[in-house]
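Structure, as structure tokens:
In this text the structure is predicted, and so the values were computed from the model without any measurement. Each chain gets a letter, A, B and so on, in the order its sequence line appears, and its residues count up from 1.
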Amino acid sequence: MKIATWNVNSLKIRLGQVLDWLAANPVDALCLQELKLTDDKFPVAEIQAAGYHAAFAGQKTYNGVAVLSRTAPRDVVRGMPGFEDTHQRLIAVTLDSPAGDVRVLSAYCPNGQSLDSEKYPYKLGWYAALREYMVTELAQHPRLALLGDFNVAPEDRDVHDPAKWEGQVLVSPPERAALQALIDLDLSDAFRLFEQPEKSFSWWDYRQLGFRRNAGLRIDHILLSPALREVCEACIIDKEPRRNEQPSDHTPVVATLAL
DNA sequence: ATGGTAGACATTCTA
């Protein structure tokens with residue numbers, strides 16, 4: 001079983017690239033973020049024609065998440081029960097696997113904008129709510145994968161120029177602590193289960209030739225419960241789509257599970 | 001210190 005995550009920065013603009021990528025990389029589940037479209041505009045027919053089911057939670061202009069899957073999603077939950085949020089940032093589905101149910105969640109964690117923005121405490125509060133939600137999800141689903149754009153680079157080695165980024169949003173200690181608190185529920189960063197090239201990133205700013213200079217951050221992650229960590233065989237960042245014309249500023253992360 | 005790009009939408013906000 002292969003699972004992947006990709007912040008597409010507008011599914012309307014990127015649909016062709018998503019379908020091309022799925023044709024070349026027929027993963028069992030692809031989590032998408034930043035759909036930037038309402039549910040009535042979700043391209044259900046095109047995704048079905050490509051052989052995928054879709055569970056999605058969209059809104060106008062901003063945010064929006066989805067899980068595309070080979071098998072039909074069950075027990076779909078949009079958002080976090082008990083956490084009021086005007087943003088569509090989380091969707092959970094259950095998928096079949098030979099080893100039994102696998103819970104797959106697509107998350108678009110808040111960016112935070114800057115440390116002095118009101119969006120920054122919103123980000124930390126959202127992370128706290130996500131942690132509480134994952135406590136209950138993990139209790140119900142031993143095989144669980146939380147994938148998405150976490151908008152946090154966990155360590156300095158996930159930052160192209162740590163000195164330049166020090167004290168900025170996406171790398172600040174409180175954000176890293178919030179992500180770590182999630183990981184402390186006994187989740188594993190799938191990418192770090194394996195030896196990886198130096199300077200591996202998943203996002204590059206559109207500005208100042210970020211991709212050409214490899215001036216990026218690793219902020220897109222696949223977090224695995226213990227049962228899935230045990231069967232994880234690989235995790236890679238696929239930089240190819242970032243080379244496309246009109247690319248997303250993010251590129252897919254893919255994990256291979258022996259299921 | 002500033003602004004650089006991209007997307008959606010409307011002449012600005014978010015990332």
Under 4.0 Å from a heavy atom of chain A: give me the 5'-most and 3'-most nucleotides of DNA chain B that qualify.
B/dG3 to B/dA15
Selection residues 132-158 of chain A - residue pairs positive for ring-ring contact (aromatic ring centres under 6.0 Å, His included), sequence neighbours left out:
A/Phe150-A/His221
Toward the 5' end of DNA chain B, which comes first, A/Leu35 or A/Arg207, by nearest nucleotide?
A/Arg207
List the residues meeting side chain to side chain donor-acceptor pair (under 3.5 Å) with A/Arg131, not counting sequence neighbours, and say none if there are none.
none
Residues in side-chain contact (heavy atoms from CB on, under 4.5 Å) contact with A/Ala55, at least two apart in sequence or another chain
A/Pro73, A/Val76, A/Ile91, A/Val93
Using the side-chain contact (heavy atoms from CB on, under 4.5 Å) criterion, which residues pair with A/Ile13? Sequence neighbours excluded.
A/Ser10, A/Gln246
DNA chain B: A/Asp249 or A/Ile13, which has the more 5' nearest nucleotide?
A/Ile13
Reckon A/Tyr108 touches a base, only the sugar-phosphate, or nothing at all at heavy-atom distances under 4.0 Å?
sugar-phosphate
Check ion pair A/Asp101-A/Arg74 (N to O, under 4.0 angstrom):
yes
When rounded to the nearest Å, what value does the distance between P atoms of B/dT12 and B/dG3 take?
15 Å
For nucleotides B/dA10 and B/dA6, find the distance between their C1' atoms and express it as a whole number of Å.
16 Å
Between B/dG7 and B/dA1, how far is it from one P atom to the other, in whole Å?
31 Å
When the P atoms of B/dC9 and B/dC13 are considered, how many whole Å apart are they?
16 Å
Could you work out, with ring pair (Phe, Tyr, Trp, His ring centres under 6.0 Å) as the rule, every residue matching A/Phe56, not counting sequence neighbours?
A/Phe42
